[in-house]
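Reminder, nothing fancy here: chain letters follow the sequence lines and each chain counts from 1. None of these values were measured; they are calculated from a predicted model.
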Amino acid sequence: MTVRVRFAPSPTGYLHVGGARTALFNWLYAKKTGGTFILRIEDTDKERSTETHTQVILDGMKWLGITYDEGPYYQGQYGRRHRADAEALLAQDRAYRCFCTREELDAQRALASKTGSAFRYDGRCGRRTQEDIAAQLAAGKEFSLRLRMPEGEIAWDDAVHGRISFQGHDLDDFIILRSDGTPIYNLAVVSDDIDMRVTHVIRGDDHISNTPKQIAIYRALGKPEPVFAHVPMILGTDGKKLSKRHGATAVGDYQHQGILPLAMRNFLALLGWSPGGDREIMAEEEMISLFSLEGIQKKAAVFDTTKLEWMNGQYLSARPAAELLGPVQLHLAEMGVRTSRDLIPVIDAVKARSRTLVDIASQVAVRVDRSKIVRDAKGEALAQKLGASFATNLRTAQAALEAVEWNPAAIEAALKAVAAQTGTKLGDLMQPIRVALTGGTVSEPVNELLAVTGKEESLARIAAAAGA
RNA sequence: GCCGCUAUCGUCUAGAGGCCUAGGACACAGCCCUCUCAAGGCUGGAACACGGGUUCGAAUCCCGUUAGCGGUACCA
């Protein structure tokens, strides 16, 4: 049997990191098993679903490199099949017409909460006689369809949790088809998963309590159930479900913050899954070959942005500058930096000490655009501390640099020589140059900084700082 | 309330009865390297929620308690 999995987001919001990870696990499993990964947009909630959100989800998946083999299917287009399935259930008396109005239901619910007991629909409409039903119909009363929930145990062997068991009598006869003929989520999902021949349902933990209901539908329909794998939730740093107030939760936010898709994907894979042992930074092929449902954690995981940024820094250092050029240019454009210079060497000089593309862009900006130099607190403090020697040392350096061949090795030799000759501490010579060129006290080695900035520009910046 | 799920350093996790005086990573502290900052190397502090069993032996199995989370809609 070939594996068929699906990711089924509803386009009622952005692509959340939790959703992205669910998609990733499905994708990984499909790749691992040579199966098919289906994308299905669950847009049955017409009120809240938008095309914009659909597009954002598609873009997010594309950015992360999570490709699908089938779809996107739009659930809203299968209303006829959903209804047919519900009516088949009605015909076999596995479902029945419920004539209760919302008001009646609300009243029952209110009563239940007053007495402190759990509300479960009491199944009163399931006990109506044929005559009664005919009379209701003749009176033109609206009805929804409810599934007859069987008594007894409903259990399954969850691929991540092991055996999970519910009792039929704890569940009620839930609605599968609204009075307007549209399906309720649990019916639509089962109907679609059967139709699309889905073999493994890999989804969030929050669906565990839907699963027995869905299994009841599979059984009523006489269809075999797929394998279920419920992956744990992703939490914020306070241990609560990840939400807006924790800051960035949409994958688009991280793209904007300068996170690399490969780093994001690697990080997400490790949230709730472990290949065992000490593997952390993994190439795609490795991730796929190591992936297994059994390796998925049962416990919810906290989303730790700091570690994401560390990992991003690792990826930034490892990727060739040419690959970073495009995204860096995007960020530069946002910062209003335009330059005709070849940025590859600049990016190379700077990427090792960056954690995000935004970091790289701002460092590049200072190196190519003099107007971006703003002396920061530490740069200012250094100038204060050195007093007159700040300018003196700069002039010394400038003089030594005038005649030097402009490459890192020659520059370094010249600077070290002049420091030795004049008895200046190397740091007292180098740091003012750094401040002159970047405004701050942090950068790549000064010789490389000078090389990458260019002779003419470097000397101009030094002169300006020495004169100031 | 009821139903379900979960429980190893602050965080992500390794661990599938003896290999564990519990390993790695992020973060933190210190040292080394060094023109600064990263990176890298070394070192350090830091966890098996609690209580009962089972067993010669339990982080690992069972039961209970506690806590957290999820669900409890004619939402998905």
Side-chain angles (χ1 to χ4, degrees), chain A residues 8-13 42-45 47-49 75 98 100-102 105-106 109 112-113 115-120 142-146 158 161 164-167 170-172 174-180 182-186 188-189 204-212 230 232-233 235 237 239-241 267 270-281 294 297-311 313-314 317 350-355 359 378 382 412 415-416 419 425-435 438 440-447 449:
Chain A
S10 61
T12 54
E42 310 220 318
D43 56 351
T44 48
D45 184 347
E47 246 87 292
R48 297 189 300 151
S49 299
Q75 191 165 55
C98 176
C100 297
T101 63
R102 279 171 212 264
L105 260 14
D106 286 345
R109 220 186 318 273
S113 78
T115 61
S117 60
F119 170 74
R120 258 180 280 117
E142 287 201 328
F143 60 87
S144 60
L145 254 35
R146 287 184 185 269
D158 196 275
H161 291 275
I164 298 181
S165 168
F166 286 79
Q167 291 301 323
D170 285 327
L171 277 6
D172 65 356
F174 63 98
I175 292 174
I176 54 176
L177 200 71
R178 297 185 185 95
S179 45
D180 67 358
T182 59
I184 285 296
Y185 167 75
N186 281 313
V189 167
D205 251 358
D206 47 343
H207 285 290
I208 286 182
S209 42
N210 279 323
T211 305
H230 288 96
M233 305 271 81
L235 274 23
T237 40
K240 303 285 183 204
K241 190 173 171 179
F267 179 73
L270 256 20
L271 260 194
W273 171 69
S274 166
D278 298 337
R279 301 293 306 132
E280 288 229 298
I281 307 278
E294 292 69 38
Q297 190 82 11
K298 294 183 177 73
K299 188 180 63 164
V302 173
F303 192 90
D304 180 4
T305 316
T306 308
K307 187 156 184 177
L308 201 213
E309 287 182 357
W310 164 78
M311 188 169 281
Q314 297 289 310
S317 300
V350 132
K351 69 183 174 103
R353 79 207 85 244
S354 301
R355 293 210 144 189
D359 286 348
K378 285 189 176 163
L382 182 84
E412 183 176 6
L415 255 16
K416 283 194 169 154
K425 280 202 297 186
L426 199 54
D428 287 348
L429 188 64
M430 299 292 206
Q431 283 295 61
I433 298 177
R434 205 174 329 254
V435 173
T438 68
T441 56
V442 171
S443 84
E444 66 272 40
V446 163
N447 59 328
L449 173 64

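For A:Ser354, the side chain to side chain donor-acceptor pair (under 3.5 Å) partners are A:Gln363, not counting sequence neighbours. For A:Leu426, the side chain to side chain contact (heavy atoms under 4.5 Å, CB included) partners at least two apart in sequence or on another chain are A:Lys416, A:Ala419, A:Met430. Residues satisfying the side chain to side chain donor-acceptor pair (under 3.5 Å) test with A:Asp158, not counting sequence neighbours, are A:Trp156, A:His230. Legend: residues meeting side chain to side chain donor-acceptor pair (under 3.5 Å) with A:Thr44, ordered by chain and number and at least two apart, are absent.
From A:His207, atom NE2 reaches atom OH of A:Tyr185 across 3.5 Å, with rounding to the nearest 0.5 Å. A:Thr438 contributes atom OG1, which lies 6.5 Å from atom CG of A:Leu449 (distance to the nearest 0.5 angstrom).
No hydrogens or angles considered: a donor-acceptor pair under 3.5 Å links the side chains of A:Arg178 and A:Thr182.
Partner of A:Leu270 under the side chain to side chain contact (heavy atoms under 4.5 Å, CB included) criterion, chosen from A:Met311, A:Arg279, A:Lys307: A:Met311.
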> Which letter, B, S or -, goes with each nucleotide of nucleotides 17-29 of chain B from 5' to 3', with contact meaning a protein heavy atom under 4.0 Å?
Replying inline: ------BBBSS--
> Tell me, for nucleotides 65-76 of chain B in 5' to 3' order, what letter each nucleotide earns: B for a base near a protein heavy atom under 4.0 Å, S for only sugar-phosphate near one, - for neither?
Replying inline: ----SSS-SBBB
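Taking 4.0 angstrom as the limit, A:Ser443 places none of its side-chain polar atoms (N or O) nearer than this to OP1 or OP2 of B:U36. In terms of phosphate contacts, A:Lys351 brings no side-chain nitrogen or oxygen within less than 4.0 Å of OP1 or OP2 of B:A38.
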